[in-house]
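The structure under discussion appears below in the form of structure tokens.
Residue numbers begin at 1 in each chain, while the letters A, B, ... track the order of the sequences. Values reported hereafter were calculated over all heavy atoms of this structure, with side chains retained and with hydrogens, waters and symmetry mates removed.
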Amino acid sequence: MVTIRLHNSRTRVKEEFVPIDPGNVRVYVCGPTVYDRAHLGNARPVVVFDTLFRLLRHVYGAGHVTYVRNFTDVDDKINATALARKEAGAAGSLEDLIAERTEETIRWYHDDMDALGALRPTHEPRATAYVGQMIAMIGALIEGGHAYAKEGHVLFRVRSFAEYGRLSGRSVDDMIAGARVEVAPFKEDPMDFVLWKPSDDSLPGWESPWGRGRPGWHIECSAMSLALLGASFDIHGGGIDLQFPHHENEVAQSCCAHPEAEFARVWMHNEMLQVEGKKMSKSLGNFFTVRDLLEKGVPGEVIRFVFLGTHYGRPMDWTAEKAAGASSKLDDFVRLVAQFGNLEKAKDLQPDDVIVAALADDLNTHAALVALENLANTARYDDLARNLDFLGILSFAQLEQRIEVRDSAMQLLKPYAANLAAMREAAMATKDFAPVDAMKAGLLAAGVEVRMSKAGVELLPGPGFDAAKLEGLV
RNA sequence: GGCGGGUUGGCGGAGAGGUUACGCAGCGGAUUGCAAAUCCGUGAAGACCGGUUCGAUUCCGGUACCCGCCUCCA
């Protein structure tokens with residue numbers, strides 16, 4: 001059995017991973033709040049934890065891993081978006097518009113993350129389907145003295161949980177000292193956070209013992225992980241920006257509601273994404289979504305390949321140069337597999353030991369990519385294909401499709417190659433290479449790679465191959 | 001102000017207390033009608049200052065700079 005070691009941000013140490021139940025390894029990752037298209041930063045945890053999912057499935061068996069990633073579909077930003085639509089004259093009730101918005105966003109999210117080669121998690125619960133469980137958990141917290149109701153709100157009593165701040169390495173007193181938040185009058189303590197808040201008639205709401213209202217942020221993840229994974233599970237993941245307050249609050253809620261359990265054993269946090277060396281933000285104008293990239297012609301596998309090039313625990317810088325490099329590297333891989341590989345044989349292979357070992361070492365994806373390259377350099381093309389699939393970069397289906405496209409382009413280019421060979425033959429005798437060069441220029445403009453050697457002429461479809469531009473070439 | 005992370009060759013980016021990372025780019029050569037592709041070869045690093053050590057880029061301390069979080073942003 002492969003030994004997996006993971007950096008646990010709770011203990012700040014790389015530890016050997018020992019599942020609670022090897023027959024059912026349980027992972028929870030914070031998913032998106034579905035109010036808009038996923039931006040590129042949202043994609044990083046998806047790729048990181050998809051890679052973890054693939055590793056765990058390989059090591060423990062595909063049927064022995066439960067991966068939960070939620071959709072937070074109750075949120076004031078969603079309400080605001082829906083309200084803006086309504087004010088802009090959209091038909092339907094606010095509730096309809098909210099439902100429409102979340103449905104649409106979830107569909108987009110699936111489309112975009114599918115394009116990145118991310119497997120669908122085992123469960124993708126929606127917060128609105130677990131409001132009952134949230135209310136139950138909040139009730140238990142009040143009963144246990146960890147929460148209190150006031151003015152229609154229910155607040156978590158941070159001082160009731162001695163461990164509060166441990167996950168993120170903060171002390172409650174320090175945070176209060178440096179706090180910049182305005183303290184609501186109904187809070188016993190400035191750090192107390194909202195579990196439930198009242199909704200007026202214009203907002204979505206659920207009946208509760210504290211009146212009609214809606215859950216605060218944080219409680220949905222505690223309720224859904226409990227419902228789907230139990231009070232103790234193996235790994236909890238998300239972006240480092242969620243470590244505080246979101247994850248800290250989750251720990252507080254879950255551990256106080258279930259003091260007998262340990263909640264998440266291992267916490268994994270991915271570092272942030274930057275763009276050309278800067279934080280991605282709307283104000284800097286370098287903000288873009290996954291869809292923007294896909295539409296610009298940067299395919300999902302290129303995005304994934306670039307992501308895997310940097311360890312998840314490090315800030316990742318997205319640059320156009322990296323994307324271009326990844327693209328040409330992947331083209332090389334596809335060419336090698338197409339020319340020398342056999343996909344049917346590849347499908348019977350196991351993932352490469354070196355690559356599995358790299359992933360098992362706290363998801364050292366960069367080392368895995370180096371190993372991938374080594375497979376290419378040592379002529380192990382079937383292994384190359386197998387591991388491209390394993391890593392989720394290019395699935396067998398995608399490889400097949402790209403090889404097909406390549407093959408048909410090669411067919412198309414055959415007569416041109418013959419033609420060019422003849423012209424070159426003639427030019428060798430006359431020493432007039434002008435027509436050959438003209439033809440070559442035309443082919444290059446159509447994105448064709450032109451290779452001429454003693455052995456003959458070879459034409460290959462390059463990255464920007466455009467069959468339409470062949471028109472008019474002899 | 002509090003907390004956390006980082007600083008490796010031209011660029012990207014790893015591991016390891018003492019032996020080439022690797023990729024891209026560069027340079028030299030082979031090859032080519034010219035190229036492309038390919039192959040062979042090759043230079044180049046560890047922010048700064050101290051400490052531990054026979055030996056540190058790798059451990060410890062400090063300095064500088066950068067980044068993130070503390071605001072329902074992954």
Side-chain angles (χ1 to χ4, degrees), chain A residues 9 12 29-33 35-36 38-49 69 72 74-78 165 168-171 173-182 191 193-194 197 215-220 237-249 269-274 277-282 287 306 309-317 319 321-322 324-326 328-329 332 335 358 361 364-374 377 424 427-434 436-437 440-441 443-444 448-455 458-460 462:
Chain A
S9 30
R12 284 151 225 281
V29 173
C30 289
T33 298
Y35 67 100
D36 205 352
H39 65 247
L40 191 62
N42 292 307
R44 170 114 109 136
V46 172
V47 171
V48 166
F49 294 106
R69 186 183 62 210
T72 296
V74 46
D75 178 275
D76 289 349
K77 264 187 292 198
I78 302 172
S168 53
R170 295 151 202 252
S171 86
D173 293 319
D174 284 350
M175 283 189 282
I176 291 171
R180 291 182 281 167
V181 282
E182 217 173 297
M191 291 312 294
F193 59 90
V194 172
K197 51 191 168 186
W217 189 36
H218 318 304
I219 191 69
E220 84 280 18
I240 187 72
D241 56 330
L242 291 181
Q243 192 182 38
F244 188 88
H246 184 57
H247 290 160
E248 195 69 60
N249 292 353
H269 290 103
N270 63 276
E271 254 293 348
M272 299 292 96
L273 174 124
Q274 302 183 330
K278 296 206 172 70
K279 181 182 176 174
M280 181 163 78
S281 73
K282 285 180 180 163
F287 182 95
V306 170
T310 302
H311 184 89
Y312 74 87
R314 297 258 194 156
M316 214 239 21
D317 194 16
T319 65
E321 193 184 344
K322 281 187 186 177
S328 80
K329 182 65 69 187
D332 282 350
R335 180 176 56 78
D361 180 17
N364 190 341
T365 49
H366 188 274
L369 295 190
V370 171
L372 204 56
E373 191 126 7
N374 281 337
N377 292 339
R424 181 160 166 269
M428 293 288 213
T430 63
K431 298 293 173 203
D432 176 15
F433 286 95
V436 181
D437 287 338
K440 192 173 87 176
L443 289 165
L444 289 174
V448 180
E449 278 181 29
V450 181
R451 298 181 187 174
M452 289 185 267
S453 70
K454 263 186 213 153
E458 198 180 6
L459 298 184
L460 299 168

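- Here, B/G9 and B/A45 have their C1' atoms 4 Å apart, quoted to the whole Å.
- Of the residues near RNA chain B, A/Ser168 and A/Tyr35, the one whose nearest nucleotide (by heavy atom distance) lies more toward the 5' end is A/Ser168.
- In the set B/C73, B/U38, B/A74, B/C73 carries the atom at the smallest distance from any side-chain atom of A/Lys77.
- Listed candidates were B/G33, B/A14, B/A74. Nearest to the side chain of A/His366 is B/A14.
- Atom CD of A/Glu271 is separated from atom P of B/U7 by 12 Å (rounded to the nearest Å).
- Rounded to the nearest Å, the gap between the P atom of B/A36 and that of B/G29 is 14 Å.
- In this structure, B/A64 and B/U7 make a Watson-Crick or G-U wobble pair, each of the two defining distances being under 3.5 angstrom.
- A sub-4.0 Å separation between OP1 or OP2 of B/G68 and a side-chain N or O of A/Arg314 is absent.
- At least one donor-acceptor pair under 3.5 Å links the side chain of A/Thr319 to the backbone N or O of A/Lys322.
- When both distances must be under 3.5 Å, the Watson-Crick or G-U wobble mate of B/G18 is B/C54.
- If you measure from atom NE2 of A/His311 to atom P of B/C67, you get 22 Å, rounded to the nearest angstrom.
- Which of B/C73, B/G15, B/C22 sits closest to the side chain of A/Asn364 comes down to B/G15.
- Within the 3.5 Å criterion, the main-chain N or O of A/Cys30 finds no donor-acceptor partner in the side chain of A/Arg69.
- The residue A/Leu460 sits apart from the nucleic acid: no heavy atom pair falls under 4.0 Å.
- Distances from the side chain of A/Met272 to the nucleotides B/C73, B/G68, B/C67 place B/G68 closest.
- Heavy atoms of A/Glu373 sit under 4.0 angstrom from primed sugar atoms or phosphate atoms, though from no base atom.
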Give the C-alpha distance, both sets of side-chain angles, the deciding distance and a yes or no for salt bridge (charged side-chain N to carboxylate O under 4.0 Å, His left out) between A/Lys329 and A/Glu373.
CA-CA 9 Å; A/Lys329 182 65 69 187; A/Glu373 191 126 7; 2.5 Å; yes
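- Using cut-offs of 30° and 60° for the angle between ring planes, the A/His218 and A/Phe193 rings count as perpendicular.
- When rounded to the nearest whole Å, the span between CZ of A/Arg335 and C1' of B/A36 equals 12 Å.
- A/Gly41 comes within contact range of at least one nucleobase, with a heavy-atom separation under 4.0 Å.
- Partner assigned to B/U71 is none, using Watson-Crick or G-U wobble distances below 3.5 angstrom.
- Comparing the same atom, C1', in B/U20 and in B/G5 gives a spacing of 30 Å after rounding to whole Å.
- Taking atom P in both B/U38 and B/A74, one finds a spacing of 41 Å when rounded to whole Å.
- When atom types are taken as modelled, the side chain of A/Arg44 and the backbone of A/Met272 share a donor-acceptor pair closer than 3.5 angstrom.
- Considering only side-chain atoms of A/Asp437, the nucleotide from B/G33, B/A21, B/A74 that sits closest is B/G33.
- Within 4.0 Å (heavy atoms only), A/Val436 reaches at least one base atom of the nucleic acid.
- In this structure, NZ of A/Lys329 is placed 8 Å from C1' of B/C24, rounded to the nearest angstrom.
- Contact annotation: A/Arg451 side-chain N/O to B/A35 OP1/OP2 distance is not under 4.0 Å.
- The closest donor-acceptor contact from the side chain of A/Asp361 to the backbone of A/Asn364 lies at 3.5 Å or more, if one exists at all.
- In this structure, A/Phe433 places its CZ atom 12 Å from P of B/A35, rounding to the nearest Å.
- For B/G13, the OP1/OP2 oxygens have a side-chain nitrogen or oxygen of A/Thr310 closer than 4.0 Å.
- The phosphate of B/G13 has OP1 or OP2 within less than 4.0 Å of a side-chain N or O from A/Lys322.
- Nearest approach of A/Thr72 to A/Ile78, heavy atoms of both residues: O-CD1, 3.8 Å.
- Annotation: B/U7 and B/U42 have their C1' atoms spaced 28 Å apart (nearest Å).
- Not a single donor-acceptor pair, N or O on each side, falls under 3.5 Å between the base of B/A74 and the side chain of A/His269.
- For the pair A/Arg44 CZ and B/C73 C1', the computed distance is 15 Å after rounding to whole Å.
- Protein atom CE of A/Met428 is 6 Å distant from nucleotide atom C1' of B/G33, rounded to whole Å.
- Looking at A/Glu248, its side chain does come within 3.5 Å of a backbone N or O of A/Gly165 through a donor-acceptor pair.
- Comparing B/C34 with B/A44, their P atoms are spaced 33 Å from each other, to the whole Å.
- Checking B/C11, B/G5, B/C69 against every side-chain atom of A/Glu321, the shortest atom distance belongs to B/C11.
- Backbone-only contact: A/Gln274 has heavy atoms under 4.0 Å from sugar-phosphate atoms and none from a base.
- Partner assigned to B/A37 is none, using Watson-Crick or G-U wobble distances below 3.5 angstrom.
- For A/Asp332 and B/U38, the CG to C1' distance is 11 Å, given to the nearest whole Å.
- Between the C1' atoms of B/G12 and B/A21, the separation comes to 14 Å (whole Å).
- Rounded to whole Å, the separation between the C1' atoms of B/G51 and B/G10 comes to 33 Å.
- Here the nucleotide nearest the side chain of A/Lys440, chosen from B/C24, B/G13, B/C34, is B/C34.
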